[in-house]
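Remember, it's 1-based here, ligands and their atoms both numbered in the order they're listed. Note that this is a predicted model, so its numbers are computed, not measured. In this chain, numbering begins with 1 at the start of the sequence shown.
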Amino acid sequence: MTQINLVQRLNSTEPGWTINADVIVIGSGIAGLTAALSARAKGLSVLLLTKDVLSTSSTSWAQGGIAAALGPGDSPDQHFQDTLEAGAGLCDQDSVKILVQEGPAAVRRLINLGATFDLDSAGNVALTREGGHRRHRIAHAGGDATGAEISRALVAKVLADPKVRIFEHALVLDLLKDKFERVCGVTLHVMGKGRIDGVGAALARAVILATGGLGAVFEQTTNPLVATGDGVALALRAGTTVADLEFVQFHPTVLWVGPDSRGSQPLISEAVRGEGAILRNINGEAFMSKIHPMKDLAPRDVVAHAVHEEIIKSGKPFVYLDGTKLGKDIWLNRFPNILLSCQEIGIDPLVEMIPVVPAAHYASGGVISDMTGRTDIPGLFAVGECASTGVHGANRLASNSLLEGLVVAERIAQHLVDLPAQSEPLIDNIPSNLIDGKARKEITATTTKGAGAVRNSQGLQQTINNLAQLATKTTNLASTQSWEATNLLTVSSFLSNAALRREESRGSHWRTDFPARNDERWLVRIQGKLNEGKLELSEKAIGKK
Ligand code: SIN
């Protein structure tokens with residue numbers, strides 16, 4: 001393994017101020033907001049830190065919905081089977097059982113809390129299908145604005161509670177630990193407050209990471225660009241174990257807006273296919289029917305793979321999504337925001353096919369945690385996309401992520417009773433450093449090229465060599481750009497090395513030099529830690545606790 005010198009502690013000025021709360025929650029998606037409410041339900045004061053504004057998160061951008069066995073004829077057992085099939089052999093079955101069994105009641109609690117879901121003509125929650133689901137089990141809101149509605153309802157609850165203190169534009173730098181190695185707070189920078197005045201410390205009896213994903217490590221993503229893998233990177237620096245980072249899900253239908261498009265890209269929800277749209281290649285042929293019995297609603301990895309193959313075959317940078325048979329009502333009422341995105345680039349999906357391409361969408365791996373959010377460091381919890389509970393395996397089933405964030409964030413509550421008293425952070429002398437913010441472009445370019453949707457040994461090794469070079473571009477100048485570049489380099493190094501090590505194709509990990517799934521060798525999770533700036537990867541057999 002080519003060693004990359006990674007930063008073990010982010011360089012910053014000394015914290016100029018300190019704030020206290022019982023619990024710190026980092027992130028304001030469904031996982032973070034629900035975790036904050038769980039802590040409040042136990043009577044604890046909360047400091048909620050969010051990198052943008054409270055209402056901006058991957059959750060608030062979620063279109064399709066939240067999956068749960070709510071419909072007639074459906075059952076948690078069928079949801080379990082579909083989740084395992086999408087996960088391609090790597091799901092933790094005990095975790096999936098909890099998710100699917102507790103999911104329906106958790107969604108009902110969300111409704112009682114104030115989230116308004118779309119209803120069918122009989123007044124029941126309307127359910128649609130997405131890739132990999134054999135049943136209609138995706139609840140949606142505002143047509144294609146499910147996440148925005150969930151976020152609205154949860155934000156309203158959080159804002160109504162004076163015991164939740166909120167810091168927006170807060171970039172968390174590192175975790176603080178006490179002399180017993182228990183997490184007892186964080187250092188953070190409040191962006192816009194200046195390099196010196198902006199840096200502070202927050203102390204608490206427990207810290208909950210709900211920082212979302214790492215899509216910004218790729219050149220094109222459906223994530224907000226604040227998704228720079230901060231939670232995974234800071235957890236690694238604190239000594240936590242991370243797993244499954246090679247499994248980054250590429251969403252098969254992202255609006256193609258031109259060859260030079262970079263950054264956050266508009267998503268065309270899988271629910272559009274759930275309502276009948278089909279993929280066609282450049283010659284107008286409906287190719288998914290030849291590939292999988294579930295056709296256009298095959299699991300997401302299968303569809304993304306097929307779209308890529310078509311793109312390679314045709315030499316054109318996109319395929320088409322044909323939603324011209326859906327009709328005006330569906331477009332206007334079910335997909336008003338997607339309709340708008342298409343119209344903004346001059347496409348009328350009522351009469352024209354939509355050019356689509358895969359883009360990075362969801363990290364199935366993250367900080368290893370259980371279904372109550374516990375990590376391997378006392379006092380530190382992780383939930384949502386930054387966590388790895390084993391629920392998603394090698395490929396997350398569509399719309400299981402909002403559900404996971406909700407279910408696990410509620411279950412954290414059981415550990416928020418009898419928290420130890422606030423302890424003092426230990427002053428240590430771990431050397432700190434930073435990657436120059438200017439390296440970000442090169443980090444994302446090399447990650448996309450060698451460790452993107454399609455991988456092979458040569459490309460991955462080249463990416464790792466490039467990252468090792470970029471790791472030498474250090475700076476003393478602490479800034480949001482350099483903190484983010486450092487986090488991006490850390491997560492890309494882990495992801496690329498894990499992808500190189502896994503010599504097979506499985507779920508969202510696709511190796512052209514090892515095109516087959518190999519259960520004899522690779523029914524393992526690749527996990528790793530950071531030790532004095534060096535990544536140490538190991539393997540753990542599936543099913544072993
Ligand atoms: C979508 O609406 O297609 C995205 C749903 C998801 O990622 O779960």
Close side-chain approach of Q527 and I368, heavy atoms under 4.5 Å: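 They are in contact (side-chain heavy atoms under 4.5 Å apart), so the answer is yes.
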
Side chains of H361 and R300 in contact at under 4.5 Å (non-hydrogen atoms):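 Side-chain contact under 4.5 Å: yes.
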
Out of all atoms in ligand 1, which are within 4.0 Å of some heavy atom of [X]? Include the element for each.
X    : answer
R396 : 6 (C), 7 (O), 8 (O)
H251 : 1 (C), 3 (O), 4 (C)
E270 : 1 (C), 2 (O), 3 (O)
A398 : 8 (O)
H361 : 4 (C), 6 (C), 7 (O)
E130 : 2 (O), 5 (C)

Under 3.5 Å donor-acceptor, R502 side chain and W522 backbone: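 Indeed, once roles are kept as given, a pair shorter than 3.5 Å links the two residues.
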
Please confirm whether [X] comes within less than 3.5 Å of ligand 1 when only nitrogen or oxygen atoms on both sides are compared.
X    : result
S401 : no
N400 : no
G64  : yes

Protein contact to atom 2 (O) of ligand 1 [nearest heavy atom, distance to 0.1 Å]: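 Heavy-atom neighbour on the protein nearest atom 2 (O) of ligand 1: S269 OG, 2.7 Å.
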
Region of R300 that comes within reach of ligand 1 [heavy atoms, distance under 4.0 Å]: side chain

Closest contact, heavy atoms only, T448 versus E219: OG1-N, 2.8 Å

Aromatic ring pairing H133/H79, orientation class (parallel under 30°, perpendicular over 60°, tilted between): tilted

Geometric class of the F318/W256 ring pair [parallel <30°, tilted 30-60°, perpendicular >60°]: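 The arrangement is tilted - the two ring planes meet at 30° to 60°.
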
R137/D74 under salt bridge (charged side-chain N to carboxylate O under 4.0 Å, His left out): CA gap, chis, key distance, verdict: CA-CA 8 Å; R137 67 166 73 96; D74 197 5; 2.8 Å; yes

H392 and Q249: CA distance, side-chain angles, deciding distance, side chain to side chain donor-acceptor pair (under 3.5 Å) verdict: CA-CA 10 Å; H392 306 308; Q249 185 168 70; over 6 Å; no

